[in-house]
Amino acid sequence: MTTSNKDLKICNKGHKYYKSTDCPTCPICEQERKPENGFLALLSAPARRALENNGITSLQQLSKYSEKDILTFHGMGPASLPKLRSALKEEGLSFRD
Ligand SMILES: [Zn+2]
């Protein structure tokens, strides 16, 4: 064995990156996806599904809803609201009143 078992991988966009696992996720693509979908990664799986099931996959879409609306989604809990609020704030957005 060598001191490093990381393999050089190239994703289908041509990014080169090193990964030691079989995980095919390219960190550069992940980074590029962030502004749009990053906030979904902050949430628990049920909360994330609750938004996706209601067609909310971006902060812009999220900002069209009030906190009350969001809480009526099946799977969404109050614990997720602070995360959503701060994610919106970072983009200069907020929940609808
Ligand atoms: Zn990539």
Side-chain angles (χ1 to χ4, degrees):
M1 289 296 282
T2 57
T3 50
S4 167
N5 57 2
K6 292 190 172 190
D7 295 324
L8 176 63
K9 305 196 176 176
I10 301 175
C11 82
N12 50 21
K13 279 190 184 171
H15 303 132
K16 294 189 179 110
Y17 60 102
Y18 288 92
K19 275 263 167 133
S20 53
T21 63
D22 291 333
C23 172
T25 310
C26 165
I28 299 164
C29 289
E30 283 288 286
Q31 203 65 38
E32 287 178 352
R33 264 177 18 158
K34 271 235 160 112
E36 267 264 289
N37 296 325
F39 79 103
L40 288 173
L42 302 171
L43 303 174
S44 63
R48 188 166 60 234
R49 270 197 302 274
L51 293 183
E52 286 170 346
N53 288 342
N54 286 278
I56 301 171
T57 55
S58 73
L59 288 168
Q60 281 76 15
Q61 285 164 321
L62 182 64
S63 68
K64 293 181 184 136
Y65 293 82
S66 69
E67 294 189 18
K68 232 186 230 172
D69 293 335
I70 297 291
L71 282 173
T72 65
F73 295 168
H74 180 72
M76 180 59 67
S80 300
L81 279 182
K83 295 176 193 168
L84 293 173
R85 222 178 280 137
S86 63
L88 284 166
K89 206 175 164 194
E90 274 177 34
E91 294 295 306
L93 299 165
S94 62
F95 281 113
R96 198 174 54 81
D97 286 323

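Index from 1, following the sequence. Numbering of ligands and ligand atoms starts at 1, following listing order.
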A.B. asks: For residues 40-49, which side-chain N or O atoms pair as donor and acceptor with protein atoms under 3.5 Å away, sequence neighbours left out?
C.D. replies:
| residue | atom | partner | partner atom | Å |
| --- | --- | --- | --- | --- |
| Arg48 | NH1 | Leu43 | O | 3.4 |

A.B. asks: Do Lys13 and Cys29 have side-chain heavy atoms sitting under 4.5 Å apart?
C.D. replies: yes
A.B. asks: Is there a side-chain contact between Asn54 and Asp69 in this structure, where contact means two heavy atoms from C-beta onward sitting under 4.5 Å apart?
C.D. replies: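 Result no, sub-4.5 Å side-chain heavy-atom pair not found.
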A.B. asks: For the Zn ion (ligand 1), what is the number of protein N, O or S atoms at a distance under 2.8 Å?
C.D. replies: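 For the Zn ion (ligand 1), protein nitrogen, oxygen or sulfur atoms under 2.8 Å: 4.
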A.B. asks: Going through the distances and angles, do Leu62 and Ile70 end up as a side-chain contact (heavy atoms from CB on, under 4.5 Å)?
C.D. replies: CA-CA 9 Å; Leu62 182 64; Ile70 297 291; 3.4 Å; yes
A.B. asks: With sequence neighbours excluded, give me every ring-ring contact (aromatic ring centres under 6.0 Å, His included) pair touching residues 41-95.
C.D. replies: Tyr65-Phe73
A.B. asks: Only counting residues at least two apart or in another chain, list the ones meeting salt bridge (charged side-chain N to carboxylate O under 4.0 Å, His left out) with Glu67.
C.D. replies: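 Glu67 satisfies salt bridge (charged side-chain N to carboxylate O under 4.0 Å, His left out) with Arg85 once adjacent residues are dropped.
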